[in-house]
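A quick write-up on the structure given underneath.
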Protein chains: 2
Amino acid sequence: MIKISNLTMVFKQGGGSDSGITALDRIDLEIPTGQCVAIVGPSGSGKSTLLGLIAGLDQATSGSIIIDDTIITKMNEDDLARFRRDRIGLIFQFFHLLPTLTALENVLVPLELKRERNATETASALLKEVGLLGREDHYPSQLSGGEMQRVAIARAAITRPALLLADEPTGNLDTENGQRIIDLLLGLNRSQKSTLILVTHDLTLASHADRIISLKDGKVVKDEMKL
Amino acid sequence: MIKISNLTMVFKQGGGSDSGITALDRIDLEIPTGQCVAIVGPSGSGKSTLLGLIAGLDQATSGSIIIDDTIITKMNEDDLARFRRDRIGLIFQFFHLLPTLTALENVLVPLELKRERNATETASALLKEVGLLGREDHYPSQLSGGEMQRVAIARAAITRPALLLADEPTGNLDTENGQRIIDLLLGLNRSQKSTLILVTHDLTLASHADRIISLKDGKVVKDEMKL
Ligand SMILES: Nc1ncnc2c1ncn2[C@@H]1O[C@H](COP(=O)(O)OP(=O)(O)OP(=O)(O)O)[C@@H](O)[C@H]1O
Ligand SMILES: Nc1ncnc2c1ncn2[C@@H]1O[C@H](COP(=O)(O)OP(=O)(O)OP(=O)(O)O)[C@@H](O)[C@H]1O
Ligand SMILES: [Mg+2]
Ligand SMILES: [Mg+2]
């Protein structure tokens, strides 16, 4: 269960003036374990900011986030890093692959942090599943945009995390590759009971979620369960 | 008129082995001045590679590209840089904004290279047109994904280039902002007679083009004029 209460994020105004930008405005949300949620909304509405706070990558201005019994908003950086390593898979809007590691090595990073055996076979199989057979030894600079995106997806999925946070996971993919990713993510949700939070502009992806939350100007303006 | 003949791009295999990756395989295409063309195809099919060669950013393995009477594939780097500055607007798949310049300053760069007067008013008006009023003074790190994308679009459009090359220009945008961008780009095509080449996975955007070229494994597999 993810419990978000009165969550607010104010950035100092870009130009250095005193007024702030309220990227999130007193958000209240409860997401039951194992739910698949799509978060949609206009560009700039606060989606990536919300995901970053849930992952503990940023510090909220006020409010709280509790994941199961852990108060994310009260943890220090080391504990947050450990929590993420053990429980969260993250797909960033712009991937954040390590440029000095190959596709395979990038996917292996979370498994090595968790010291899993047979890591290489697991990573190769997952790269094949996302259609990257033949690209394992490429560095990010030798991959297309959608190939980099798929490496980022494989890296987040490989530990079968209890909570997967995905920011625009199909943004650089054609319909067919996008569907492969949808199947992979939904598969995690059903077989692993992973909680999935998918930020997306892709209405096909959103249509597969159990619930669609719409943001606008940092607020929740709609919250619909699929019937 | 863009005339592409027998264009081939082979990358050395990612892993350093001797076999190469044929990202483009003997492409022949003619694009009349003022046409609006969508280039579609699966992830990894060669779209960004093709755009990079047309822009003279990379060197083809073989074949030729002629834009009006200029043989792009025979030019040196300085001449290519000047040609791009004077005639081409480029929207990269991952934007390539300068991190140390604000949104407004990023948009101004092409105008300053061309020494235009009233540059600041033109840039501000264009940022407003893409919905970025209030974000002019933000640095790229202070912008959302779709906001950065729109800065990149404004930067490419500001010189009203004779040839605009756009790689996934709506990839990080919701429907409404995406439509604003479609209107802007089509407006350039109609009023400026700019030739537009739009690489995209967005079928809505592609549907507005005069012609849709489909790539697969580095080859043109379909080339359809809209009726
Ligand atoms: N460091 C920052 N300083 C100032 N403003 C910021 C900063 N980071 C983000 N913002 C602003 O906060 C708002 C929300 O940003 P966020 O990245 O969450 O949007 P988003 O919904 O993910 O948008 P997109 O769909 O374009 O990716 C944006 O309007 C952005 O300009
Ligand atoms: N420097 C490189 N070395 C080796 N292979 C490369 C290199 N750059 C690109 N490739 C390969 O060339 C192919 C075409 O890449 P390109 O970026 O043109 O694809 P794309 O159609 O733009 O894909 P996407 O829709 O994912 O952006 C890809 O399979 C990619 O792995
Ligand atoms: Mg975002
Ligand atoms: Mg590409």
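Letters A, B, ... mirror the listed sequences (proteins, then strands); counts begin at 1.
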Please classify the contact between F92(A) and chain B as side chain, backbone, both or neither, with a heavy-atom cut-off of under 4.5 Å.
neither

Any side-chain heavy-atom pair of I21(B) and Q142(A) under 4.5 Å:
no

For K226(B), is the NZ atom crowded, meaning more than 12 foreign heavy atoms sit under 6.0 Å from it?
yes

Taking all atoms of both residues into account, what is the closest heavy-atom pair of P42(A) and N177(B), and its distance?
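Shortest heavy-atom separation between P42(A) and N177(B) comes out as CB-ND2, 4.5 Å.
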
Applying the side chain to side chain donor-acceptor pair (under 3.5 Å) test to S43(A), which of Q149(B), E147(B), R150(B) qualifies?
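Only one option passes, and that is R150(B).
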
For N172(A) and Q93(B), test the side chains for any donor-to-acceptor distance below 3.5 angstrom and give the result as yes or no.
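Yes, because at least one side-chain N or O of N172(A) sits under 3.5 Å from a partner of the opposite role on Q93(B).
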
dist D174(A):CG -> D202(B):CG (nearest 0.5 Å) comes out at 13.0 Å

Spatial distance of atom CG (L143(A)) from atom OG (S48(B)) [nearest 0.5 Å]
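Between L143(A) CG and S48(B) OG, I get 12.0 Å after rounding to 0.5 Å.
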
Specify which of L203(B), L173(B), T49(B) makes the most heavy-atom pairs with chain A at under 4.5 Å.
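It is L173(B).
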
